[in-house]
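Okay, structure first, notes after.
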Amino acid sequence: MSTAPVAEFRRVAVDDPLVEPLLRELTHEYVTRYGPEAHREMSRYPGEAFAEPHGVLLLLLEDGEPVAGGAYKRYDGRTAEVKRMWTHSAHRRRGLARRVLAELERTAAAAGYARVYLTTGPRQPEARGLYLAAGYTPLFDVTADPLTIGPLPFEKDLPVLARTP
């Protein structure tokens with residue numbers, strides 16, 4: 001009889017060894033879809049941008065191994081910007097990204113943010129679908145060819161929660 005894996009969210013720093021699969025696979029995805037210049041996206045923000053109190057980097061671990069993750073950073077005084085959404089290539093189509101996104105939203109609301117903002121690339125239809133299904137409002141014409149728009153922006157209001165100390 002097999003048992004379900006033990007799943008937990010863990011807040012980590014960008015330089016934690018558990019983050020390596022996220023960075024490696026995201027870089028590969030970006031370069032595959034957008035070309036070599038996409039390397040810049042992965043180094044655009046310093047690690048501190050995703051550190052508390054203004055940001056967070058979360059990994060979803062199963063039996064101690066990273067299977068999905070994501071981060072947010074401060075966009076402005078009331079808005080968290082989601083970045084680095086990732087699901088391990090061996091664990092896709094299981095709803096893990098949706099779980100990570102929900103946890104990022106919960107964490108951002110607890111940190112005092114009232115809104116989430118994010119962008120995804122025009123060659124990432126699965127991400128676009130995730131954000132639409134998760135209740136995000138597209139800030140672009142959804143009937144237009146995504147390749148004519150560039151980055152696709154979304155926003156979502158968060159519930160007001162008591163701030164976590």
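Both backbone and side-chain heavy atoms feed into the values below; hydrogens, waters and symmetry mates do not.
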Problem set entry | Non-hydrogen atoms of Val82 and Val116 that approach each other most closely | CG2-CG1, 3.4 Å
Problem set entry | Over all atoms of both residues, closest heavy-atom pair of Leu22 and Gly70 | CD1-N, 4.3 Å
Seminar exercise, completed: Scanning both residues in full, the closest heavy-atom pair of Ala49 with Lys73 reads O-CB, 3.2 Å
Exercise. Between Val100 and Phe9, does a side-chain contact (heavy atoms from CB on, under 4.5 Å) hold up when you go through it step by step?
Worked result: CA-CA 8 Å; Val100 169; Phe9 281 102; 4.0 Å; yes
Problem set entry | Between CG on residue Leu18 and CG on residue Leu61, distance to nearest 0.5 Å | 6.0 Å
Exercise. Which distance, rounded to the nearest 0.5 Å, do you find between the CG of Asp76 and the OH of Tyr113?
Worked result: 8.5 Å
Problem set entry | Which atom of Glu41 lies closest to which atom of Tyr30, heavy atoms considered | CG-CE1, 3.7 Å
For this session: Measure the CZ-CG distance between Arg10 and Leu57 for me, rounded to the nearest 0.5 Å.
Result: 12.0 Å
Problem set entry | Side-chain heavy atoms of Pro122 within contact of Ile149, under 4.5 Å | no
Exercise. Without hydrogens or angle criteria, can the side chains of Gln124 and Tyr34 be said to hold a donor-acceptor pair below 3.5 Å?
Worked result: yes
Problem set entry | Heavy atoms from other residues, nucleotides or ligands near CZ of Arg115 exceed 12 (cutoff 6.0 Å) | yes
Problem set entry | Flag side-chain contact, heavy atom, 4.5 Å: Phe154 against Leu132 | yes
Exercise. Are side-chain heavy atoms of Tyr45 and Arg84 found at a separation under 4.5 Å?
Worked result: yes
For this session: Take Tyr72 and Glu105 through the test side-chain contact (heavy atoms from CB on, under 4.5 Å) and record every step on the way to the result.
Result: CA-CA 9 Å; Tyr72 69 77; Glu105 292 169 6; over 6 Å; no
Exercise. In Å and rounded to the nearest 0.5 Å, what is the CG to CD distance from Leu60 to Glu8?
Worked result: 9.0 Å
Exercise. Just wondering, do Tyr131 and Leu101 contact through their side chains at under 4.5 Å, heavy atoms?
Worked result: yes
Exercise. Are Leu59 and Val56 connected in a single hydrophobic cluster, I mean Ile/Leu/Val/Met/Phe/Trp/Tyr linked by side-chain heavy atoms less than 4.5 Å apart?
Worked result: no
Problem set entry | Close side-chain approach of Val19 and Pro66, heavy atoms under 4.5 Å | no
Problem set entry | Met85/Leu104 under side-chain contact (heavy atoms from CB on, under 4.5 Å): CA gap, chis, key distance, verdict | CA-CA 10 Å; Met85 287 293 298; Leu104 287 170; 3.7 Å; yes
Exercise. Going hydrophobic residue to hydrophobic residue with side-chain gaps under 4.5 angstrom, can you get from Leu58 over to Phe50?
Worked result: no
Exercise. Is there side-chain contact between Thr87 and Arg94, with at least one heavy-atom pair below 4.5 Å?
Worked result: no
Seminar exercise, completed: Here the gap from Arg128 atom CZ to Thr120 atom OG1, rounded to the nearest 0.5 Å, amounts to 10.5 Å
Exercise. Which atom pair, heavy atoms only, marks the closest approach of His88 to Pro21?
Worked result: CD2-CB, 4.5 Å
Exercise. Is any side-chain heavy atom of Leu147 closer than 4.5 Å to a side-chain heavy atom of Arg123?
Worked result: yes
For this session: State the OH-CZ distance between Tyr117 and Arg78, to the nearest 0.5 angstrom.
Result: 14.0 Å
Problem set entry | Nearest heavy-atom neighbours spanning His91 and Leu96 | O-CD1, 3.4 Å
Problem set entry | Hphob cluster co-occupancy, Val142 + Tyr136, side-chain heavy atoms under 4.5 angstrom | yes
For this session: Evaluate the criterion salt bridge (Lys or Arg N to Asp or Glu O under 4.0 Å) for residue pair Arg33 and Glu126; output intermediate values, then yes/no.
Result: CA-CA 13 Å; Arg33 294 178 194 222; Glu126 67 285 356; 2.8 Å; yes
